[in-house]
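Quick notes on the structure that follows.
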Amino acid sequence: MSEERDEIGSVLLKEYVLEVLQSGKRIDGRDPLEMREISVERGTFTKSYGEAWLSLGRTKVLVGISLDVGEPFPDTPNKCVFVSNVELLPLASPNFEPGPPEEYSIELARVVDRAFRSANAIDFEKLVIEPGKLVYTIFLDMYVLDHKGNLADALTLASLVALMRTRVPRIELGPEGNVVVKEEFFPMPVINKPVSFTFVKIGNYLLLDPSLEEETIADSIITLAVDDQGRICSIQLRKGYFTDDEIKKAYEIARERMEEVRSKLEEVI
Amino acid sequence: MSEERDEIGSVLLKEYVLEVLQSGKRIDGRDPLEMREISVERGTFTKSYGEAWLSLGRTKVLVGISLDVGEPFPDTPNKCVFVSNVELLPLASPNFEPGPPEEYSIELARVVDRAFRSANAIDFEKLVIEPGKLVYTIFLDMYVLDHKGNLADALTLASLVALMRTRVPRIELGPEGNVVVKEEFFPMPVINKPVSFTFVKIGNYLLLDPSLEEETIADSIITLAVDDQGRICSIQLRKGYFTDDEIKKAYEIARERMEEVRSKLEEVI
Amino acid sequence: MSEERDEIGSVLLKEYVLEVLQSGKRIDGRDPLEMREISVERGTFTKSYGEAWLSLGRTKVLVGISLDVGEPFPDTPNKCVFVSNVELLPLASPNFEPGPPEEYSIELARVVDRAFRSANAIDFEKLVIEPGKLVYTIFLDMYVLDHKGNLADALTLASLVALMRTRVPRIELGPEGNVVVKEEFFPMPVINKPVSFTFVKIGNYLLLDPSLEEETIADSIITLAVDDQGRICSIQLRKGYFTDDEIKKAYEIARERMEEVRSKLEEVI
Amino acid sequence: MPIYVEKKPDVLIGEDGTRTDGRSPLDLRPIKIEVGILERADGSALVEWGGNRVLAAVFGPREVHPKHMLLPDRALLRLRYNMAPFSTPERKRPGPDRRSVELSKVIRTALLPAVFIEKYPGSAIDVFVEILRSDAGTRVAGVTAASLALADAGIAMRGLVAGCSVGRVDDFIVVDPNHDEDMWGDVDMPMAVLFEDRKITLLQADGPLTVEQFNECLRLGMACCEMVYELQKEALRRPYVMVERRALGVA
Amino acid sequence: MPIYVEKKPDVLIGEDGTRTDGRSPLDLRPIKIEVGILERADGSALVEWGGNRVLAAVFGPREVHPKHMLLPDRALLRLRYNMAPFSTPERKRPGPDRRSVELSKVIRTALLPAVFIEKYPGSAIDVFVEILRSDAGTRVAGVTAASLALADAGIAMRGLVAGCSVGRVDDFIVVDPNHDEDMWGDVDMPMAVLFEDRKITLLQADGPLTVEQFNECLRLGMACCEMVYELQKEALRRPYVMVERRALGVA
Amino acid sequence: MPIYVEKKPDVLIGEDGTRTDGRSPLDLRPIKIEVGILERADGSALVEWGGNRVLAAVFGPREVHPKHMLLPDRALLRLRYNMAPFSTPERKRPGPDRRSVELSKVIRTALLPAVFIEKYPGSAIDVFVEILRSDAGTRVAGVTAASLALADAGIAMRGLVAGCSVGRVDDFIVVDPNHDEDMWGDVDMPMAVLFEDRKITLLQADGPLTVEQFNECLRLGMACCEMVYELQKEALRRPYVMVERRALGVA
């Protein structure tokens, strides 16, 4: 199944959610625009170059960074290669099955990827060893461990933390074209910090950071990412429809909340 | 489904086709050895190196040529590489499904490919940049858009037109083994022009250029290609059986009709 | 189906096998620790570099060796590359289906592979052309032709024969880094000869070299390989469980029988 | 080894707003639409838009295979976006890549609010979008074509869905970005709108936009989609429609 | 990196018609046939023909999986042609390639007119053709072996299907081309014939033949297939048959 | 191109038995176990063991898909062992390779004698073992975690299955080999034991062992598994357990 939308007897659930919303609260007690708690494990790690185990409410994700070197793409000889991948682990939900990535995980990967690229979050030119010949490859592998809703935001947040924690081994091109790996490390050049905000529309209510139940019965879903300067850097309308006014309102909310989220992440790095 | 043979309630159809054939005509009014109209779009194109959108009756196909360079095969250092591929687009028939190429499309691709190779239609040695090191790769991608019967002949014809329209960018091997793409073009060296003829046998009738209905109920199917000199250059018995006399007769007919078809194509290029 | 275990109405069969075992014999008349006849075709072959068509009772397997050259793995610059593969041909059993290798064939391939690696059966360092740059690749392709039980032992035996029959073309690295294939051959450097023994447990009986019927109803299966010096060089507990005493007993039996099997193979090479 | 390497033009947009293909910021490229050109499909449309050539076709409502995908209370709308190997100068390997999987989802999502899927319970509606030539904007050309193919197939719809991109090149907001602008410009923001309701059903963006720029993009995108919608309606009435490059009436 | 590169011999055929393996144009290579060598399969045959070694086996009539492939009025005849990785000097990657998909189809087509599929409605007949050593002519050896395996399995047949290739090397028409002739010769024309009816059920060709050459190929091919057919009949009567190189009786 | 190349340490084990990580031959690495950490799964356990971090989770008993795999008289126990791309210094490509297919089978085999599958006829029990960091011994950590996840899911079991490896480095038998010893040592012999019955359900070995060495390995392996089993029991009683490196009590 590509999405979680049909997993719960959804008609009754929707009625219940709407009824509770009339009182101004959500079924888990949150206000419509309240996000769930974000927490990040402070663990040490020896295998990956950077890692973050993050909880958004009860959603759990783990992001790990791997590094490699190789040729740049011919049309961007001055940029490193950046590859994003999402695995919806079958242990994260009874609806996820083992196998090659499907539509849902590909969309998530591309939404996160676009947020970082569009915000120019990483200084790709700093990760060039020899222009046109040898550059770093950054693999951003995103693992969903426990799916309790709003994977897009959880994965974007965890990716940002993992990237900011990454130490890159210094590499030089040797005299015979060989690759020399130094024993020094430098921090991943993260120069902009996009934050992602997902909204759902249920009836006439606009809710931020949907829980699994809310996602399941949502009429419409949209994910926005905003950069350091409060500019919108990526949008993905993921289900249903929005009017232009609804989208402008979502953007406004994202701008209001971004500092709060960003400073929460700075704490844990 | 690999072929169209079972798509129509075929017993009744076959009876009807045979009944009409007794009057000397086919159900679409053609004589047994009459081909359908061939027409080729005269469009300009900017993305592919050569292209042909061809109709054979109401069958529509689109062939596009792509070019690339690479190493030749070790046992043919003096020849370019030539790759043929058929896509039975799912929009061309309710029986075609998306997915990797199956038996039917692979057979079609290999039948077309063999006609061009066996006729030495392209001067492969003219497409060598540095023997044993760098040669052109020609990709012949054949798209079936609307399947109304006799794809083999439609694809062979369209491929010939697309190849004859192809302009090849001149490429040299630079001093450091690098590839230098010049701003000049030369025409694809087409030195023989194979034409393909498909026959079906229904009862005792031998029919040229089968329609979809005829193909569906045919007892036997054979495709022959003949070259510029009237030599047979490829054969594929594709269904059922033929006696040796039937095959000789089919070859004779193909030789009689080839000039007519070839001159029709010359017009449109 | 990954294994043959469910193929025969197994409850009745098991009762029958146990009943016969009470008399000290197996259903095919063998003693519990008696192996079936081993025979190897003495054929000549022109295409493969080494080959063995072996029967173990009525189980038939065919092993062929192919050779190639390439780069060594970076962490073993002084060793050739050795690749093992098992194909459970669909003609060998109604339960084998065409397709990519599945769990059962992968386990078999890895069990055979481990026996040869762990015994250091081949002098991998003799198959290095230029350390870190160019080494031989040995492909051990194991074909199951007729599955009548105990594929693991049949494949290990046939692989040993095929390797001992292999003639390796001498190859040098030319002055410009090119590969020069000489017209000389040298024998594959087989320096240790592991032999594999598979035991099954049915009720309280420990049986050597199980037939298909015995394998089907076995409670437990284990495969041990012993090297020239009688050392255990690989173990794979493949089904059920064993006590430590049962495993020690199996090892003892394997040590007792290894010379007999090894000398039988020496005859046929 | 590919022989075609993309190169960035020296000037993407002139100081007076002149674009690499000579258009001004609010000019759309020429668009030609032909409906019903295929026989075997239940509905079809060919859209040529700048250097894009997009063929869409619909089969359905028809039986669902495999059965376990059947939805008892509505139609299963499936959509495949696929690029021809010869649609780009460097040959594209056949078969779905991650981009085409995402675009298939995005285009399906854009069409879904327009289709009365509840009128066809238990059936499949299959939409195929084939990119025969690609020149920036294939997804919005695809939505536009697919929506017409659905109408041509007689599928009950709330309205047509029309698509268009807007973008930012330096400080200019431009409509219907061309290949160079898509490749080297700052932002591409594809949109699709369900008319008459003016519901936005496709919206993506890939680069930084201030609040003011974003609002301007939204406004121009809506206007462009409306122009495309007018063409769609015309195309359903005649054998085919064709318009030369035209300026947006809202600038 | 492969270590085996094919090399063209200096002379493919002498002025007197002597071939690279010493045969004259109308000599077949030695053929050995063994029927019923496998136990688990319902029918089997091993054909050794020149340097080819081909094992064919049949399962069926048996249940059809997956169910949706079942044909209610006849048997589903399936066939897989597969080359062993060690069947060629350069290792062949396991798994079907385009050539083997085509040959599976061509061999199945060659057998189909021989089998009374209407006697086994709703069932599957699965034929597996394994090329254990390959030396030009594997498809016709495969047809020959598969046809015997079907007979060994007791499948009702109109007759046996026997295969053989003919070819052209320079101006010589040769029967049963060897590896060099197949690789470097001008034309290979594999055939198979359903006996007693003399119906051609497999016919392919891959190079230019004039009318006269083509007619001669057809005539010689038919004669070769008949010789192979005689061997097949003998093989079904005895444990196995073996013939040394023999000249065609029709020259 | 990978940037991480394994290098063999100069000394794998000192003359006094000191290992590369400072342990003596009979010391286990630190182990930390947490049970029930996931919400969506029916049962779960996280095992951190030396530099390994292994997450196991169980779904079931639940419906079997696809239906044809259903076993009418017992549960279908399925297990997937999977390594995260970031679990190793050189990125591991996602998806099953041959090693992980084998380990999935070996771990499933190790658990099977422990589970009362006959109590859940016609259902599926799915076990997922995810290697989040890998540092030698992932399969035995995986068995250990999976067995706890089964218990946490409330699946009826005959006992817990505890795993541990033993190995040989030069002439030393060492317990719980670390990465260097696994990579460059002489023998790795992973084991798992079903307690209380002391039945060996996983046993592999990959290098030469004399009779005496083998017997010693078996004895030490059994003792290690018992220590791990004690930790497992403790972990089921509390939120989580953690032990520092500890020496085997049997030396």
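Just so it is clear: chains get the letters A, B, ... in the order the sequence lines come, proteins before strands, and each one is counted from 1.
Proximity to chain D involves both the backbone and the side chain of A:S234, based on heavy atoms less than 4.5 angstrom apart. Heavy-atom distances place both the backbone and the side chain of A:N85 under 4.5 Å from chain D. At a 4.5 Å heavy-atom cutoff, the contact between D:L202 and chain A is made by backbone atoms alone.
When every heavy atom of A:Y241 is checked against every heavy atom of D:T201, the shortest pair comes out as CB-CG2, 3.9 Å. Scanning all heavy atoms of the two residues, the minimum distance from A:S118 to D:P208 falls at O-CD, 3.3 Å. Here the shortest heavy-atom pairing between A:Q236 and D:V106 reads NE2-CG2, 3.7 Å. Heavy-atom minimum distance, D:F214 versus A:I247: CZ-CG2, 3.5 Å. Across all their heavy atoms, D:P113 and A:G240 have their closest contact at CG-O, 3.9 Å.
When A:D227, A:D75, A:I232 are compared by the number of non-hydrogen pairs under 4.5 Å with chain D, A:I232 comes out ahead.
Side-chain contact between A:I235 and D:Q204 is absent, with no heavy atoms from C-beta onward closer than 4.5 Å.
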Going through the distances and angles, do A:E103 and D:V101 end up as a side chain to side chain contact (heavy atoms under 4.5 Å, CB included)? CA-CA 6 Å; A:E103 189 181 276; D:V101 170; 4.1 Å; yes

Apply side chain to side chain contact (heavy atoms under 4.5 Å, CB included) to residues A:K248 and D:N215 and explain how you reach the verdict. CA-CA 8 Å; A:K248 288 176 191 169; D:N215 289 347; 3.6 Å; yes

May I have the step-by-step check of side chain to side chain contact (heavy atoms under 4.5 Å, CB included) for D:R98 and A:E107, ending in yes or no? CA-CA 8 Å; D:R98 297 166 67 91; A:E107 185 183 39; over 6 Å; no

